[in-house]
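A short write-up of the structure that comes next.
One is the number of the first residue; the rest follow in order along the sequence. Computed from a predicted model, the values in this text were never measured in an experiment.
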Amino acid sequence: MAGENKTGRTRVSVTEQEALDFHSRGRPGKLEITPTKPMATQRDLSLAYSPGVAVPVKAIAADPGCAYDYTTRGNMVAVISNGTAILGLGNLGALASKPVMEGKSVLFKRFADVDSIDLEVDTEDVDAFINCVRYLGPSFGGINLEDIKAPECFIIESRLRELMDIPVFHDDQHGTAIIAAAGLINALALTGRDLKTTKLVCNGAGAAAIACIELIKAMGFNGENIILCDTKGVIFQGRSEGMNQWKSAHAVKTDRRTLREAMDGADVVFGLSQKGAFSAEMIASMAPNPIIFAMANPDPEITPEEVAAIRADAIMATGRSDYPNQVNNVLGFPYIFRGALDVRASQINDAMKVAAAEALANLAREDVPDDVAAAYQGERPRFGPQYIIPVPFDPRLISAIPLAVAKAAMESGVARRTIEDLDAYAHELSARRNPIVAATQRIYEQVRKTPKRVVFAEGEEEQVMRAAISFANQGLGTAILLGRDEPLKATAERAGIDLDRPGIEVVNARISDRVEAYTEYLYTRLQRKGYLHRDAQRLINTDRNHFAACMVALGDADAMVTGTTRNYSTALEDVRRCIDTAPGHRVIGVSLALARGRTIVVADTAVHDMPTAEELADIAEEAAGVAQRLGLEPRVALLAYSTFGHPTGERSERVREAVKILDRRGVSFEYDGEMGADVALNHHRMEQYPFCRLSGTANVLVMPAIHSAAISTKMLQELGGLTVMGPLLIGLEKSVQIAQMGAKDSDIVNMAAIAAYNAV
């Protein structure tokens with residue numbers, strides 16, 4: 001499949017040990033099963049199992065369609081393989097395919113909130129495989145076949161589609177075809193070509209290639225203008241060598257016999273073959289404004305650099321994440337199944353595939369919204385030769401693609417459920433998406449485009465070293481480890497960490513030639529605050545936070561991350577001695593709280609102990625800005641123990657005054673208060689106050705005091721399964737993030753990436 005699991009623009013370096021560690025640490029693997037109903041009391045158990053479970057059993061026996069109402073079937077896809085064509089590794093067997101299939105299941109959940117489980121079938125016998133899968137139908141709403149070699153994959157998919165009444169989709173074929181078709185639609189439009197007269201060559205006659213040809217024919221492409229090639233040359237009418245029924249279906253009448261001859265004068269070439277298959281001579285012989293999709297992975301048939309040296313007029317796409325126009329299957333399969341499941345489709349037909357391709361193509365033509373453009377920090381991608389396919393982190397995918405697929409399923413007669421209000425459905429789809437993860441993806445994407453120098457202040461700590469290595473390996477920039485040479489080397493040796501690698505620098509504050517400059521800078525800032533010159537010198541010589549913050553303040557690093565060895569407030573105090581508040585802003589701490597299907601911005605969780613009304617208004621503005629950068633429309637609730645005047649109290653008075661201040665400022669986002677958290681987060685409770693200004697439940701909570709913020713987020717994190725990211729430090733003139741004390745290496749990497757992203 002083309003471009004699977006790659007969403008960045010720079011090839012990420014991952015060592016074998018890092019990959020093994022990732023899959024083995026904590027609970028092995030990448031999946032777990034979590035109950036969706038409470039299991040806290042005997043009554044809960046009685047409802048979940050015996051005797052209560054008998055009621056839905058009888059309902060389903062009477063009406064099988066009720067399984068979608070009372071079980072997970074309507075949101076469950078099985079990812080099934082026999083391991084005969086694992087990625088680019090070949091036939092390694094069913095068991096070896098399990099990490100890939102688990103990963104596929106994770107992508108279903110991550111991108112489209114589709115629950116998925118992997119099933120590895122240990123047989124290469126086609127009939128045995130089919131019989132195994134066909135009888136699993138009642139368990140699932142759809143079947144995603146994966147990494148099954150050709151031609152067996154054609155037989156398996158075809159027969160299972162006949163035998164089962166749920167969607168059966170071989171993603172290696174159709175996923176690549178759908179994304180490639182979307183790119184082709186736009187490339188044809190940019191070059192002024194017509195689908196019916198364009199001449200296309202496809203090199204490679206495996207599963208993905210055959211699917212590409214079948215799909216573009218379904219879209220209206222003239223089959224007589226398509227030449228399919230394999231390792232033996234052109235597949236022409238009358239050829240007998242190396243043929244099968246799937247190749248024969250696309251044989252054409254032509255006197256051309258080699259790939260080179262086929263490409264002479266061609267408008268489009270699809271490569272689904274191997275590295276180096278396209279020569280400079282072949283590319284030069286193509287028609288003006290050629291369209292070249294070199295989709296072999298990990299290395300394309302020809303690179304964009306090689307094409308650029310030959311043809312300045314070409315439009316290119318590859319399966320690679322480090323080039324524009326990546327043909328990435330993750331743009332398709334999660335959303336296609338999402339739409340199919342939501343209308344309880346019996347199959348994924350050509351109409352649904354074409355609808356998905358057209359929706360992707362249309363999305364690339366639309367103006368890119370701010371939350372996607374933020375990833376480019378001013379370099380807003382626009383429809384053109386370098387942007388004919390949307391990027392995987394585009395938040396509009398979740399609403400655009402499933403909507404088109406569901407609509408096509410209903411119109412083509414394979415849907416068993418009708419969605420009456422498509423606008424409401426689009427909103428429901430958007431609500432499924434997790435903007436925190438998407439925001440992190442955008443952050444990583446931008447940092448890889450403009451790598452930064454980030455100083456890791458606590459460089460002698462093992463988890464900090466591991467985070468620094470991960471930061472560098474992911475192409476995020478240079479990681480500067482601050483620490484003494486001997487302790488740092490001793491820790492690295494003990495932990496088996498190799499720091500002698502590109503992207504890692506070690507700075508010893510005690511022998512640095514910048515000590516004097518940092519001392520003078522800090523003394524100038526602190527001399528009227530009770531500090532002597534020797535005090536400033538001592539802080540620079542002995543405290544890594546001060547040294548690191550001065551590095552950032554004086555431009556020797558772009559950003560810093562700290563916090564793993566001391567509490568947040570202490571680290572923040574160190575940093576603020578060296579770095580000022582950004583003009584027009586207020587320094588606050590913002591936590592991102594992720595509950596099931598909801599993302600809440602909570603502020604202030606780190607800086608202001610008992611904020612005044614003016615400070616509460618400032619906090620509201622800063623937090624609303626964070627929400628906007630996450631792609632949320634801010635709905636800000638200023639919280640208190642009271643709701644709109646009852647009961648009364650001094651602290652609630654401050655919150656009410658803060659609302660008046662925001663009124664006077666004329667801010668553009670929704671806000672209201674004072675209100676209790678139950679009203680802010682519960683639509684039915686909010687309806688009891690029809691005068692409330694919020695149009696829906698709040699996604700930004702301004703806490704009346706830091707203790708209430710800390711207690712509530714930590715309690716819910718421990719008891720309610722809430723995921724909390726942060727606090728993120730907002731409002732400083734230079735970019736600094738403070739991790740939680742004892743943070744894991746992955747948490748430190750996230751904070752370092754955020755620090756790099758915010759660096760000017």
Side-chain angles (χ1 to χ4, degrees), residues 1-16 18-19 84-92 99-100 103 146-147 149-150 171-173 175-177 179-180 183-184 187 201-212 228-233 258-260 262-263 266 268-284 286 290-311 314-331 385-386 388-389 391-392 445 448-449 473-475 502:
M1 74 198 94
E4 183 76 5
N5 296 347
K6 297 174 182 177
T7 55
R9 291 287 181 185
T10 300
R11 175 146 292 191
V12 177
S13 173
V14 176
T15 67
E16 291 185 3
E18 284 174 318
T84 53
I86 304 174
L87 298 176
L89 303 174
N91 186 350
L92 299 181
V100 182
E146 194 79 17
D147 289 359
K149 67 183 177 72
D171 187 50
D172 298 310
Q173 298 179 55
T176 299
I179 314 310
L184 179 62
V201 174
C202 182
N203 188 47
I210 296 295
C212 284
L228 177 63
C229 299
D230 62 10
T231 56
K232 300 183 185 303
T258 67
L259 176 62
R260 183 185 63 77
M263 287 180 64
V268 183
V269 63
F270 276 10
L272 292 139
S273 52
Q274 62 184 2
K275 175 184 178 182
F278 298 159
S279 68
E281 181 185 7
M282 295 175 187
I283 300 300
M286 293 181 70
I291 299 167
I292 304 162
F293 282 21
M295 296 177 279
N297 257 327
D299 298 302
E301 287 81 359
I302 191 167
T303 67
E305 293 90 346
E306 291 169 329
V307 170
I310 307 162
R311 302 291 298 259
I315 294 179
M316 270 210 77
T318 72
R320 285 267 293 263
S321 62
D322 48 350
Y323 293 121
N325 301 325
Q326 184 195 10
V327 180
N328 189 332
N329 286 22
V330 81
L331 291 166
Q386 299 296 306
I388 59 174
I389 302 172
V391 288
E445 169 74 10
R448 290 190 184 107
K449 287 168 62 72
N473 284 347
Q474 293 185 66

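With hydrogens and angles disregarded, a donor-acceptor distance shorter than 3.5 Å links the side chain of Glu301 to the backbone of Met295. Looking only at distances, no side-chain donor or acceptor of Asn203 sits under 3.5 Å from a matching main-chain atom of Ser273.
Counted by atom type alone, Asn329 and Thr176 present one or more donor-acceptor pairs between their side chains at under 3.5 Å.
Scanning for side-chain contact (heavy atoms from CB on, under 4.5 Å) contacts around Ile310 gives Ala280, Ile283, Ala284, Ile302, with sequence neighbours left out. Residues satisfying the salt bridge (Lys or Arg N to Asp or Glu O under 4.0 Å) criterion with Lys275, sequence neighbours excluded, are absent altogether. The side-chain contact (heavy atoms from CB on, under 4.5 Å) check on Ala262 picks up Val201, Ile227, Cys229, Val234, with sequence neighbours excluded. Every residue was checked against the side-chain contact (heavy atoms from CB on, under 4.5 Å) condition with Glu16, not counting sequence neighbours, and none meets it. For Ala211, the side-chain contact (heavy atoms from CB on, under 4.5 Å) partners are Gln173, His174, Ala177, not counting sequence neighbours. Residues passing the ring pair (Phe, Tyr, Trp, His ring centres under 6.0 Å) test with Phe293, sequence neighbours excluded: Phe270.
Atom CG of Leu184 and atom CD1 of Ile315 lie 10.0 Å apart (nearest 0.5 Å). The OG1 atom of Thr258 sits 7.0 Å away from atom CE of Met282, with the distance rounded to the nearest 0.5 Å. One distance of note links OG1 of Thr303 with CE of Met316; it measures 7.0 Å at 0.5 Å rounding. The CG atom of Asn325 lies 11.0 Å from the CD1 atom of Ile291; values are rounded to the nearest 0.5 Å. Distance check, rounded to the nearest 0.5 Å: CG of Asp147 to OG1 of Thr84 gives 8.0 Å.
Proximity of Val327 to Ile389: side-chain heavy atoms (C-beta onward) are separated by under 4.5 Å at one or more points. Within the 4.5 Å cutoff, the side chain of Ile210 has heavy atoms near those of the Leu228 side chain. A heavy-atom distance below 4.5 Å is not found between the side chains of Ser279 and Arg260. Counting heavy atoms from C-beta on, the side chains of Met286 and Ile292 come closer than 4.5 Å.
Considering every non-hydrogen atom in both Gly183 and Ile388, the closest pair reads O-CD1, 3.6 Å. Smallest separation of non-hydrogen atoms from Arg320 and Asp299: NH1-OD1, 3.5 Å. Taking each heavy atom of Ala209 and Leu272 in turn, the nearest pair found is CA-CD1, 3.6 Å.
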